[in-house]
Structures are given as C-alpha cells and as structure tokens.
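Proteins get letters first, then strands, A, B, ... in listed order; numbering begins at 1 in each.
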Number of protein chains: 2
Amino acid sequence: MSKRQKNLSVSAEALRKAEALCEINGLKLTKLRKQVLKLIWRKPGYVKAYDLLDELKKIDPSAKPPTIYRTLDFLIENGLIHKLQSLNAFIGCHHPHEHNECYFLICDSCQKIEECCSKKINNVVASTSKNNNFIPNKVTFEIAGTCQNCLN
Amino acid sequence: MSKRQKNLSVSAEALRKAEALCEINGLKLTKLRKQVLKLIWRKPGYVKAYDLLDELKKIDPSAKPPTIYRTLDFLIENGLIHKLQSLNAFIGCHHPHEHNECYFLICDSCQKIEECCSKKINNVVASTSKNNNFIPNKVTFEIAGTCQNCLN
DNA sequence: ACAAATATGTTATAATATAACATTAATATT
DNA sequence: AATATTAATGTTATATTATAACATATTTGT
Ligand SMILES: [Zn+2]
Ligand SMILES: [Zn+2]
Ligand SMILES: [Zn+2]
Ligand SMILES: [Zn+2]
C-alpha cells in the first residue's frame with residue numbers, strides 16, 4: 001500500500017469514526033464540518049488554522065476566519081480533534097471514542113504527532129490535584145522533541 | 001504581614017534570586033530586564049505580554065512589542081520565568097535554580113498558579129519517550145481548573 | 001405554519017508575535 | 001586609548017492567531 005493510499009484510508013477511517021460518534025451523541029456533522037475534518041486528516045502532521053482556511057477556500061471561496069474557528073471549536077468540543085497549545089495547531093484525534101488524559105509527542109523536525117494515553121498521567125493529575133486541593137478541568141501535556149524517523 | 005507586604009517580599013526575593021543566578025551564569029540582568037521581571041512579579045497571578053507592555057510604557061513610554069517579547073525571551077531562556085502555553089501568559093519561576101520538569105496548576109477563577117515539580121513527570125516523560133524512540137526536548141504540562149480558595 | 005434553536009455568512013477588529021533594519025552600549029583586541 | 005566585535009536596545013512595519021457582533025439561512029420542535 002502506497003503512502004498516499006495509507007493516508008487516504010486513515011482519513012476515511014477517521015471520518016467513519018467521527019460519523020459514528022456524532023450519530024451516537026446526536027451531533028450534527030454537517031457538510032462544512034466534515035470537509036474541515038477531512039482537510040485536517042489529509043496531511044500526516046499537524047495543521048494550522050489559516051492553512052486550513054486556505055485549503056477550505058479552494059472548495060468554498062467564501063470561507064473566512066470565523067468559518068474555520070467555529071468549525072474547529074465544534075470538533076474540539078466533541079473530541080474529534082485536539083489543539084496543540086504549544087504550537088497553536090490542530091490534529092485529528094486518533095481515538096475519539098475513548099478519551100482519558102491524552103498527551104502528545106511532537107516532532108520538531110517532521111511535524112508528526114504521536115497521541116498517547118497513559119494511566120500514569122491520570123494518576124499524576126489526580127494525586128497532584130488532591131495534594132493541592134485543586135479541581136482539575138483541562139489538562140495540557142505536550143512533549144516536543146525529535147521522533148524516531150528524524151533521528152537519522 | 002499584609003498581603004501587599006507579602007507580595008513585595010516575594011518580588012524582592014525573586015529579584016535577588018535572579019541576580020544571583022545571572023551572576024553565577026555570566027548573564028546580564030540589565031535595567032530593562034530587571035524592570036520587566038519586577039513587573040511580572042508584582043501581581044500574584046499570571047500576566048499577559050501586552051498588559052506588561054502597558055505597565056512598562058508607564059516607566060518607559062518608548063517601549064514597543066519587541067521590547068517586551070525580547071525581554072520575555074531572555075527571561076524564559078534563562079529560566080527566570082515561564083510561558084503558560086495554554087494561556088499565552090507568563091509567570092515568574094518560583095525556583096529558578098533547580099529546574100526539572102515543572103508543571104502548573106492554573107486556577108481559571110483567580111488566575112493564580114501553582115508551580116510543581118515531580119519525579120513522576122520526569123519518569124513518564126522518560127518512559128514514554130523511550131517507548132516511542134523519541135528524544136524529548138521541551139515539556140509542556142499545564143492543568144487548568146479551580147484552586148482551593150475559589151472552591152468556596 | 002410558526003416559533004425557537006442551531007448553523008452559517010459577513011464585516012470588522014482584537015490579541016499575540018516576529019522580521020528587518022538602525023542605533024547604542026558593552027566587551028575584547030590591537 | 002583607538003578599533004573591532006558582539007550584545008542589547010530602539011524603531012517601523014507587518015505577520016499570525018483569534019474573536020465580537022450582527023445578519024441570514026437552515027433545522028427542529030410545536
Ligand atoms: Zn484524542
Ligand atoms: Zn520527525
Ligand atoms: Zn520554574
Ligand atoms: Zn483560584
């Protein structure tokens with residue numbers, strides 16, 4: 001299977017998962033939202049909002065910043081994508097059905113992201129919160145560095 | 001000791017630590033840098049770059065965005081302050097001499113920050129990096145929520 | 001058919017950050 | 001001390017990221 005074919009199937013799979021999840025939760029995955037999600041999955045790494053806007057404009061020339069940001073908000077709120085806070089960038093979620101505290105390995109060289117889940121993180125968040133009488137709401141955990149491929 | 005007095009002493013202590021650290025490392029804590037650091041420590045919570053710029057302008061009306069961002073860069077690079085990526089905000093470092101992987105409890109209500117260090121985080125970063133053949137470089141770990149004081 | 005809620009369109013602007021180049025100040029070299 | 005080199009600051013302009021506010025269209029519930 002070629003690299004392009006693989007990307008296509010990853011994207012198709014993500015779209016199917018998104019549709020299923022919206023179906024279950026009574027959310028509307030409109031044409032616009034589906035288009036944007038598809039654009040997000042089209043590249044292997046992360047994407048920037050205005051790059052996405054440029055792509056969307058090719059399909060719908062009337063698209064403007066609020067178009068993209070509103071759509072991103074919907075996708076984030078419903079766990080279909082994530083925002084990488086340290087990069088102001090966005091990435092499709094690899095397992096939208098089962099979300100604990102996730103974190104990201106971000107390659108500075110190739111822009112690829114590894115999305116990870118670990119109970120250890122949940123434990124650290126829980127214990128540090130307890131120690132500080134803190135009620136956690138949103139966790140941001142991002143590790144930037146160099147990936148396996150880029151080491152050579 | 002009043003709240004204001006306490007803040008003053010926290011700020012003075014931070015300034016002394018910063019001076020000591022720059023002395024040790026041969027860094028120049030210029031007048032501008034010291035002024036900005038003082039402004040950062042003046043409020044108990046986090047600060048935004050342009051708010052800082054407004055404050056600085058009261059002292060030096062010729063200050064402009066690059067003035068503040070360059071100074072913030074210096075202070076970040078040398079571990080005297082941190083940037084909170086999820087807020088685009090800045091905060092003085094509470095222990096600039098001994099920096100492992102630190103993380104932050106951010107209160108959404110009162111903007112106060114708790115800076116924490118934990119070996120558990122180092123361990124999670126180390127083990128997940130090893131598992132993924134990833135060389136970590138910069139860690140962002142921020143927990144937003146509600147602090148003890150704001151719970152009532 | 002109508003009202004209400006949701007989604008999208010549109011204009012304008014706010015908030016965050018950096019590039020590029022000029023000048024000044026500090027440090028090192030002769 | 002004069003000169004070269006580097007580091008810091010000043011200055012103008014612009015890039016990047018994001019939202020407010022209001023208008024219109026579409027969907028959903030009654
Ligand atoms: Zn995810
Ligand atoms: Zn890579
Ligand atoms: Zn610190
Ligand atoms: Zn609080």
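If you take SG on A:Cys102 and CZ on A:Phe141, they are separated by 12.0 Å, rounding to the nearest 0.5 Å. Atoms CG and NZ, from B:Leu21 and B:Lys17 in turn, are 10.0 Å apart once rounded to the nearest 0.5 Å. With rounding to the nearest 0.5 angstrom, the CG atom of B:Leu84 is 6.0 Å from the CD1 atom of B:Ile91.
An OP1 or OP2 oxygen of D:dT16 is reached within less than 4.0 angstrom by no side-chain nitrogen or oxygen of A:Lys48. In this model, the phosphate group of C:dT10 is approached by a side-chain N or O of A:Ser62 to a distance below 4.0 Å at OP1 or OP2. In this structure, A:Thr30 reaches the C:dT8 phosphate: one of its side-chain N or O atoms is under 4.0 Å from OP1 or OP2.
Of the candidate nucleotides D:dT19, C:dG9, C:dA7, C:dA7 has the atom lying nearest to any side-chain atom of A:Arg33. Across C:dG9, D:dT11, C:dT18, the shortest atom-to-atom separation from the side chain of B:Tyr69 is found for C:dT18. In the set D:dA21, C:dA19, D:dA18, D:dA21 carries the atom at the smallest distance from any side-chain atom of A:Arg70. Relative to the side chain of B:Lys28, the nucleotides C:dA26, D:dT9, C:dG9 differ in distance, and C:dA26 lies closest.
The interatomic distance linking A:Leu53 (CG) with C:dT10 (C1') rounds to 13 Å, in whole Å. In this entry the distance linking CG of A:Asp54 with P of D:dA15 reads 14 Å, nearest Å. Atoms CZ (A:Phe90) and P (D:dT16) sit 16 Å apart, rounded to a whole Å. Atom CG of A:Leu32 and atom P of D:dT24 are 20 Å apart (whole Å). Atom P of nucleotide D:dT9 and atom CZ of B:Phe74 are separated by 9 Å, given to the nearest angstrom. We find that CD of A:Glu77 is positioned 10 Å from P of C:dA7, with the value rounded to whole Å. Distance B:Lys64 NZ to C:dC21 C1': 15 Å, rounded to the nearest Å. Taking atom CG of A:Leu56 as the reference point, atom C1' of C:dT10 lies 15 Å away to the nearest angstrom.
For the pair A:Glu19 and A:Arg16, the salt-bridge criterion is not met [side-chain N within less than 4.0 Å of a carboxylate O].
Judged by distance alone with a 3.5 Å cut-off, a donor-acceptor contact links the side chain of B:Tyr50 to the base of C:dA17.
Across its full length, the helix from C:dA1-D:dT30 to C:dT30-D:dA1 shows an angle of 30° between the axes of its 5 terminal pairs at either end, rounded to 10 degrees.
Distance alone, capped at 3.5 Å, places no donor-acceptor pair between the A:Lys120 side chain and the B:Lys120 backbone.
Aromatic pair B:Phe90/B:His82: centroids not less than 6.0 angstrom apart.
Looking at heavy-atom distances under 4.0 Å, B:Lys83 makes contact with sugar-phosphate atoms alone, never a base.
When each of B:Pro66 and B:Leu87 is assigned the nucleotide of DNA chain C bearing its nearest heavy atom, the one mapping closer to the 5' terminus is B:Leu87. Place B:Pro65 and B:Asn88 on DNA chain D by their nearest nucleotides, and B:Pro65 ends up nearer the 5' end.
No hydrogens or angles considered: nothing links the side chains of A:Thr140 and A:Gln85 as a donor-acceptor pair under 3.5 Å.
Checking each of A:Thr71, A:Leu80, A:Leu72 against A:Arg33 for a side-chain contact (heavy atoms from CB on, under 4.5 Å) leaves exactly one that passes, namely A:Thr71.
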